[in-house]
Amino acid sequence: SVFITTTRLLAHQLQYLGVNLNMGPNALLARSGAKDTLYYFWGNDVDHISKRLALYVKTLQEENILTGLSDFPTQWLVQ
């Protein structure tokens with residue numbers, strides 16, 4: 001898929017630069033009434049967001065890039 005290909009390309013670029021850590025992944029949900037929606041680009045479907053972020057992290061790990069997550073939407077899954 002394009003998503004996996006793009007993620008692998010990013011991993012190769014990070015490796016080329018000598019970087020083996022990606023602390024950037026965010027999975028912010030778009031919330032109604034939010035004033036600043038610039039960073040809410042994943043949408044508001046929790047299942048879709050979780051699956052995409054898990055695939056992103058797994059693909060980076062396959063390319064030997066350590067990944068730290070930020071704002072993973074589990075808090076909305078348990079409500």
Side-chain angles (χ1 to χ4, degrees):
S1 77
V2 173
F3 187 78
I4 292 173
T5 303
T6 304
T7 304
R8 287 194 195 286
L9 180 60
L10 172 65
H12 293 166
Q13 290 173 346
L14 289 170
Q15 290 169 347
Y16 179 78
L17 294 172
V19 176
N20 63 356
L21 176 64
N22 182 356
M23 295 295 291
N26 277 310
L28 296 172
L29 292 171
R31 296 186 210 133
S32 61
K35 291 183 178 24
D36 182 12
T37 58
L38 177 63
Y39 299 105
Y40 298 112
F41 52 87
W42 287 87
N44 59 4
D45 183 351
V46 176
D47 291 332
H48 174 76
I49 292 169
S50 299
K51 288 175 186 174
R52 284 294 187 184
L53 187 58
L55 180 61
Y56 179 77
V57 169
K58 180 181 173 198
T59 304
L60 286 176
Q61 288 174 342
E62 289 172 357
E63 298 295 330
N64 298 315
I65 302 293
L66 182 63
T67 305
L69 296 175
S70 174
D71 296 316
F72 192 74
T74 56
Q75 64 269 31
W76 291 279
L77 291 173
V78 295
Q79 289 182 352

List the residues meeting side-chain contact (heavy atoms from CB on, under 4.5 Å) with Leu55, not counting sequence neighbours, and say none if there are none. Phe3, Ile4, Arg52, Thr59
Going from CG on Asn64 to CG on Leu14, what distance comes out if it is rounded to the nearest 0.5 angstrom? 12.0 Å
Approximate separation, where rounding is to 0.5 Å, of Thr6 OG1 and Tyr56 OH: 10.0 Å
Option among Leu66, Leu21, Asn20, Thr67 that satisfies the side chain to side chain contact (heavy atoms under 4.5 Å, CB included) test with Leu60: Thr67
Hey, could you give me each pair passing salt bridge (Lys or Arg N to Asp or Glu O under 4.0 Å) that has a residue in residues 12-21? Not counting sequence neighbours. none
Strictly by salt bridge (Lys or Arg N to Asp or Glu O under 4.0 Å), give each pair with a member in residues 8-21 just once, sequence neighbours left out. Arg8-Glu62, Arg8-Glu63
Leu9 and Leu53: same hydrophobic cluster, using ILVMFWY side-chain contacts below 4.5 Å? no
Straight-line distance of Asn22 CG to Thr7 OG1, nearest 0.5 Å: 10.0 Å
Working to the nearest 0.5 Å, report the span between CD of Gln13 and CD1 of Ile65. 11.0 Å
